Amino acid sequence: MKKIISGLLFSSLILACNMKDKADMIIINGIVYTVDSTFSRCTSIAVRDGKILATGSDDKILNTYRSETIVDLEGAALYPGFNDAHCHFYGMGEGLRTVDLRGALSFEEILERLKKSQEGKPSEFIVGEGWDQNLWEDKSFPSNEKLNELFPVVPVVLARIDYHAVIANEAAIKRLGIIPADPSIAPGEALMKNGKFLGVFLEKSADRFKSSVPAVKPQEAAKILLDAQKECFKYGLTSVSDAEEPLSVIMLMDSLSAKGDLKIRLDVWLTASEENKMHYSSPYINGRVRVSTLKLYVDGALGSRGALMVEPYSDIPGTRGIRVGTSQQFEDNCKWAFDKGFQVATHCIGDAANREALTVYSKLLPPGNDLRWRIEHAQVVRPADLDIFRMYSIIPSIQPTHATSDMLWADERLGERIKDAYIYRQLKEQLGWLPSGTDFPIESVNPVYTFFAAVYRKNLEFLPDKGFQMENSLTKEDALRSMTIWAAKASFEEGIKGSIEPGKYADFVVLDRDIMTIKEFDVPYAKVSMTFVGGELVYSK
Ligand SMILES: [Zn+2]
């Protein structure tokens with residue numbers, strides 16, 4: 001009798017098992033933030049063919065699906081894969097090979113770091129990046145004198161944290177072949193003393209130095225992209241919007257992605273070059289690579305007083321910033337994108353730059369359109385211009401860590417206008433949503449810092465005490481949405497990723513602590529335990 005019962009039990013178990021649907025992976029026992037429309041939570045996910053099959057309680061999923069791979073999260077928090085809505089992917093990978101000058105507290109410290117980097121393996125061309133004179137006691141731009149003494153022969157080019165200024169030594173200036181009276185240098189772009197270069201170059205002139213760095217070989221370029229991907233996975237990024245690349249890099253990304261070497265989802269924007277515009281006459285999607293946005297600029301950066309302002313800078317009256325290109329070029333590029341069906345993403349920092357882009361956009365875009373044209377940074381926006389975002393469905397794309405990096409000195413540049421700067425909540429209220437990113441490598445790649453800066457408006461030293469202009473902080477829910485579903489929406493991909501819902505890609509990140517519930521002082525220390533892209537484990541601590 002017993003035997004029959006157990007036999008019956010056994011066969012009914014097999015029957016039950018066979019009746020269960022097969023999944024490639026089942027995740028259980030987690031705190032799963034789905035970031036769906038109701039911001040619901042669950043504990044379990046079933047995954048098949050790189051996509052989410054179902055979500056629910058452990059019981060529900062385990063009773064419906066079977067899998068050889070069961071991942072027990074042991075109560076850890078899982079979120080949709082993070083998506084950086086504005087970064088420089090190739091530049092970050094490249095930066096992993098240059099001398100890191102971030103956080104240097106004096107020019108002497110920079111010289112020390114350079115010296116150290118050359119010990120044992122001297123370079124033929126030294127590239128450094130990340131200096132910020134606002135962190136120094138003497139906040140004025142340095143001269144290249146000491147750099148020339150230290151490196152009389154090897155060219156040295158050091159990019160400022162915002163990449164809108166460089167310090168170059170004499171050898172690099174000679175190599176580029178420019179002289180003080182050079183007509184190709186726009187007024188104000190080269191700092192001079194007694195008719196000689198000081199070694200600091202801004203905007204277009206700075207770009208010339210950056211492009212004078214010897215090009216990397218194709219093999220090295222692939223390695224740079226793979227290194228960048230590794231860094232992203234380490235921080236839980238499964239998608240990025242890469243804010244402009246030249247054709248050669250986009251084509252390399254496309255081929256590495258097609259081969260399966262690049263697994264990260266890339267929304268890569270076109271540098272507004274003739275070469276790019278000739279090659280991509282319409283938006284292009286191939287697997288995980290998407291090319292549907294044209295990147296434009298109106299101005300430079302606030303730190304180097306390149307941001308275009310309506311009124312002069314508070315700390316140097318008479319200066320209103322530097323315009324990048326002409327108004328006509330900007331309009332022509334917008335027109336090209338509109339005609340060809342591309343999104344436009346324009347870099348605008350100063351209030352005059354934001355005003356110009358909003359005005360040009362609003363001339364082309366019909367009210368109520370869904371073309372999702374974007375303004376990158378939207379850093380200083382006059383209250384009178386705010387409504388234009390809503391009227392023409394223009395997306396403000398923000399970088400919360402910019403606020404907490406710049407807050408130490410931005411008021412010197414802006415004076416009273418600081419109230420119009422980094423107004424993320426007001427910007428969010430325009431469309432009810434906005435995407436966030438880091439602009440890495442200008443800021444850290446780590447999306448947890450984005451969350452922390454957006455919610456608490458403090459830097460990593462937990463300053464200021466009460467947060468910077470807290471009226472413009474985001475809620476935790478909105479901060480998480482901005483780096484997942486809203487970042488996906490900004491690239492028209494909210495239907496395939498950005499939340500944990502059946503049918504979407506199985507892109508997840510598991511953190512070692514739950515940033516939605518832990519105390520403020522714990523948030524910046526949250527680390528990624530696992531990153532999944534399309535159901536594949538791509539990073540594990
Ligand atoms: Zn950028």
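Just so it is clear, the structure is predicted and the values come from calculations on it, not from any experiment. One-based numbering, in listed order, for ligands and for the atoms of each.
With Tyr297 as reference, Glu244 is the one residue of Glu244, Glu203, Gln329 to meet the side-chain hydrogen bond (donor to acceptor under 3.5 Å, both in side chains) rule.
Near-neighbour remark for the Zn ion (ligand 1): protein N, O or S atoms under 2.8 Å are His86 NE2, His88 NE2, Asp439 OD1; waters not counted.
Remark: Asp100 engages Arg102 in a side-chain hydrogen bond (donor to acceptor under 3.5 Å, both in side chains) (not counting sequence neighbours).
No side-chain N or O of Thr404 forms a donor-acceptor pair with one of Asn459 less than 3.5 Å apart.
A cation-pi contact, defined as under 6.0 Å to the ring centre and within 45° of the axis, links Lys277 to Trp336.
Shown here for Ala526 and Ile515, the closest heavy-atom pair between the two residues is CB-CG2, 3.8 Å.
Between Phe508 and Phe532, the ring planes lie perpendicular to each other; the angle is over 60°, past the 30° to 60° tilted range.
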